[in-house]
Structure formats: C-alpha cells, structure tokens
There are 2 protein chains.
Amino acid sequence: MRRRDCAAFESIGGVATYAPKESLFWEGDQADFHYRVVRGTVCLYKLLPDGRRQVSRFCHAGDFIGLSANAAYPYTADALNEVTVQRFRRADLEACMEESSTLRRAVFASIRDELNAAQNQLLLLGRKSASERVASFLVALTEQALRQGGESHVVVLPMTRVDIADYLGLTHETVCRIFSQFKAQGIVSFADPHEIEVCDDAALAVLADGDMDARLCA
Amino acid sequence: MRRRDCAAFESIGGVATYAPKESLFWEGDQADFHYRVVRGTVCLYKLLPDGRRQVSRFCHAGDFIGLSANAAYPYTADALNEVTVQRFRRADLEACMEESSTLRRAVFASIRDELNAAQNQLLLLGRKSASERVASFLVALTEQALRQGGESHVVVLPMTRVDIADYLGLTHETVCRIFSQFKAQGIVSFADPHEIEVCDDAALAVLADGDMDARLCA
DNA sequence: GGAAAAATTCGGATTTATACGTACGGGATA
DNA sequence: TATCCCGTACGTATAAATCCGAATTTTTCC
C-alpha cells in the first residue's frame, strides 16, 4: 500500500495497544471495528463447545483483522505479545473505500491473500501428515521472514507449542516431538524454543509436501 | 445481488457450458477469467505431488469462482454435472467494479462468505471427528437447500463419495461407513446414495459440533 | 532478586480412530 | 457383452491421540 493511503488510514482510525494474552474481541461480539496490526502478533481462533480449539491465523504487521466478519466476529482474537493496532469503525472504513480506489484494491488484495492462505491450510489440515504440517509451517514462516526483509535463517515464534498445535490440528506433544526430530536430523537448530534456525530449507521444502522438484533444485 | 447488476454482468461476460468431469481450468493456469455458476455444481481442489487431494469448495448457482486468484489459479475446477457459468475477463470485471459500487459490494460479500466458509472448514478439518465432519456437511447442505427455497428435507448430492471424502479430509470408506451408521440410527434415510433425506436435523446439529444448546432447543 | 507458575521436553505405554487393502455387487457405459 | 466406476462391507495396520509422570527451563510476578 502506498504512503498516502496509510495516511488516510490514520485519519479515520485510532491506535490501540494490548498486553500479552489480552483479547481484542471474542467470537460472537458485534463486529463494529476492523483492525490492522502495526506491531506484535495476534492469534485468531474458534472454539467448539467442549473446548477443542482451531487457530485459523497468526496476524503480523500489516495484516487486517475482521474483514470477513458479518454482524458478529466469527473468531476470537488474542494478543500473543505486546501488540499495537490501528482500529477503525467499519462504517468509516467502508466510506473511505468508496472514495479511494487504491484503498479498495489494498483491502481486496488483503482479503484475497487471506483466502489463499486459508485454502492452503485446508490442504494441510485435510491431507498432510504431522511432520509435513510442521515442515510447511516452518517454510511459511521463513518465507514470510524473507518478505519482511530478514536475512538470516532464524525465525521467531512468538506463540506457544500449544498455539502451534492448535494451528496445525495436532497435539502439543506431537509438535514437540517433531521439532526434536528435525533438530536431531540437523534440519533445524535452536537453543531457545522461540527462536529456530532453519539449517536446511531444501529438506524442509521436500518434507512440506513431498515435492521431488524441490530436491532436484537443491 | 439486485437485478440491474446481474444485467451488468451479462453485458461484460459470455455464457459457457461444461460436461460432467470437464475442467473449467487447472491449478497453475494463468487466471484470465472469473466465473459465476448459473446451473450445476463445480468442484474446486488442490493436489499434492503424490496425488493426495483436498477439495476446498463445492460451488453452486450464484457462487463466484476465481476471486482469490492472483496470477495463476490456486486450484483446479471440475464440473461435477452439466454446468452453466457466466465467464468474464478479469480486467472487465475489475473495470466494472470501479464503476458500480453495488457490484463491488456484491463481489466483496461473496469473497467474504467464501472466507467464512473456509474458516469453518479449518475447524472441521483440524478438530472434528469423522462423524462430526459428515454431520456438519449434511447440516450445511440442508441449510443451503433451505436458503434456496427448498421445502423438503431431502438434499441432493451431485458429488461422489470420494469427492465428499476429499472435502472432509477422510477416505471414501469412512464416509460410506458413517452414512450407513446414520441410516441405521434413523438420523437419515436414503435408497439412492445421491438423494439423502434428513429425518432428525436436531440430532444432526448436535453431532455436528457437540453443541448441547441444539439439544435443549429441540 | 527470588519464588511461583507456566511452558517445554522427554519417555513411554496404551488406545483408538481412521487409513489401508481387499472384495463384491450393481449400474452405467462403450 | 465386457469394462469401469461407484458404493458398500470387512479385517488389519498404523499414525497420532491420549494419558501419565517428571525433569528442566523459561516466564511471570511479587
């Protein structure tokens, strides 16, 4: 998004901050606001009546939250760490979108990216094995780190193992075991469980979806 | 969408028909066109290199196809039966969206609904048991039939058991077994495997996500 | 700075839901 | 008529959940 549209954003929305574990809103709340993450990570999830949880997305700087909402939010949004967001009334954002075609395209591109990510996650949850899921997760994180200008192969995981498990449709024990396994195989390495260095991206890419082309390219 | 916008659609797009099992496009094809289903059912899916398949959506009359595409389609689209679609060049649709704010809202609402559906499917694939998945599937189909003005409790399944399995992240044997089980329990009944009568929607709703409220309401 | 709480990891044992393979019948199709 | 696909059924195999305990580390909080 270009600079002048960010300015438009700031004119219609306030800035809010949230402490770790604080909720921006709960599933079922009336969806009066849209959010855009400025700093920190937000975790979106749905719950079943018996407590089973599915994390649908981790939101980082630049991501919109709430674009898919109708009258009520379809998920709960928790801050994982110290989070700063822009917050604007839906009506204001919609009015602004009527005016600016650039803003419109930005919002549309954002929701389209979100839909694409969700469709990839469907494939992951429906058809991939436990280790393929963890590998895919790490690949996605390294790609995102690269896009954001990171140079090293170290990815930061602000979320807990339980969050990761609830994102990948696994248990935290399974996530732990597979991280250890990757470590033993020399694919990753880490001392701090929240900072993982990817040593062999090619191997990880192959594991992520059994793509033999990735191996040939390496 | 209001009638006058449908007219706008027809002015920029042609109509196309596809025979059963014919593909509208393949994953990776350059995404020059958007589609809108007029009649019939289209199945969207992704494949892993070894052939594992995840169906991301079944599209019925009124649904848009391809809105989430960037340069290339992120999935393959197959006609399940005799299908009629409107087809328009992306550039034309985008130009049209610049003009008509009503069309814009319609497209935006459509992609939002698609995202919502995908997020529900994430919960289903990540955290629900096999029978919960099948129950959820039947509940969604009956709700959709009601919205489209159907009165009876009979839902038509144009897709095969394999398609359903690939949509729900199961095998076709499991889908079969659970249909039989629901039949034995008197929850559904069917002679033709493609026309299923829902006898006990309350029981189905409870099975779909273990929601005790649904039982209390019944 | 220190105590308490939470998160991570490990190991293993058990369980079980569902995949996997195989088979068989029916209906559509060529 | 022969072939193929689809739906159904059944027995076995297995990946991952579940449960359990516990050591260690990290984070939180006073």
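Just so it is clear: chains get the letters A, B, ... in the order the sequence lines come, proteins before strands, and each one is counted from 1.
Open room surrounds CZ on Arg39(A); 12 or fewer heavy atoms of other groups in view lie less than 6.0 Å from it.
Distance, Leu157(A) CG to dT8(C) C1': 13 Å, rounded to whole Å. Across the protein-nucleic acid pair, Leu125(B) atom CG and dT18(C) atom P stand 13 Å apart, rounded to whole Å. Rounded to a whole Å, the CD1 atom of Ile178(B) is 13 Å from the P atom of dT8(D). Counting to the nearest Å, the C1' atom of dT8(C) and the CD1 atom of Ile196(A) are 12 Å from each other. Distance Leu170(B) CG to dT16(C) P: 20 Å, rounded to the nearest Å. Arg161(A) places its CZ atom 12 Å from the P atom of dT27(D), with the value rounded to the nearest Å. To the nearest angstrom, C1' of dA17(D) lies 15 Å from CG of Leu168(A). Atom C1' of nucleotide dA16(D) and atom NZ of Lys128(A) are separated by 18 Å, given to the nearest angstrom.
Remark: Arg161(B) is positioned above the aromatic ring of Phe179(B), its terminal NZ or CZ atom under 6.0 angstrom from the ring centre and at most 45 degrees off the axis.
Note on His194(A): only backbone sugar-phosphate atoms sit closer than 4.0 angstrom, heavy atoms only; bases stay farther off.
Regarding contacts with the backbone of dT18(C), every side-chain N or O of Thr174(B) stays at 4.0 angstrom or more from both OP1 and OP2.
By the 30° and 60° cut-offs, the orientation of the rings of Phe64(B) relative to Phe88(B) is tilted. Note: Tyr73(A) and Phe25(A) have parallel aromatic rings, judged against thresholds of 30 and 60 degrees for the angle between ring planes.
Taking the charged nitrogens against the carboxylate oxygens, Arg53(A) and Asp163(A) do have a contact shorter than 4.0 Å, which makes a salt bridge.
Closest contact between the side chain of Ser180(A) and the listed nucleotides dT9(C), dA16(D), dT18(C) involves dT9(C). Checking dT8(D), dT8(C), dT18(D) against the side-chain heavy atoms of Glu173(A) singles out dT18(D) as nearest. Which of dT18(C), dA17(D), dT8(D) sits closest to the side chain of Phe190(B) comes down to dT8(D). Nearest nucleotide to the Thr171(A) side chain, out of dA16(D), dT18(D), dC20(C): dT18(D). Picking from dG7(D), dA17(D), dT9(C) the nucleotide with the shortest atom distance to the side chain of Thr160(B) gives dG7(D). The listed nucleotides are dT18(C), dT8(C), dA6(C); the one nearest the side chain of Lys21(A) is dA6(C).
Comparing Pro193(A) and Ser131(A) along DNA chain D, the residue whose closest nucleotide (by nearest heavy atom) sits nearer the 5' end is Ser131(A). Positionally, the nearest nucleotide of DNA chain C for His172(A) lies more toward the 5' end than for the other of His172(A) and Arg127(A).
On a pure distance criterion of 3.5 Å, a polar donor-acceptor pair joins the side chain of Arg177(A) and the base of dG12(C).
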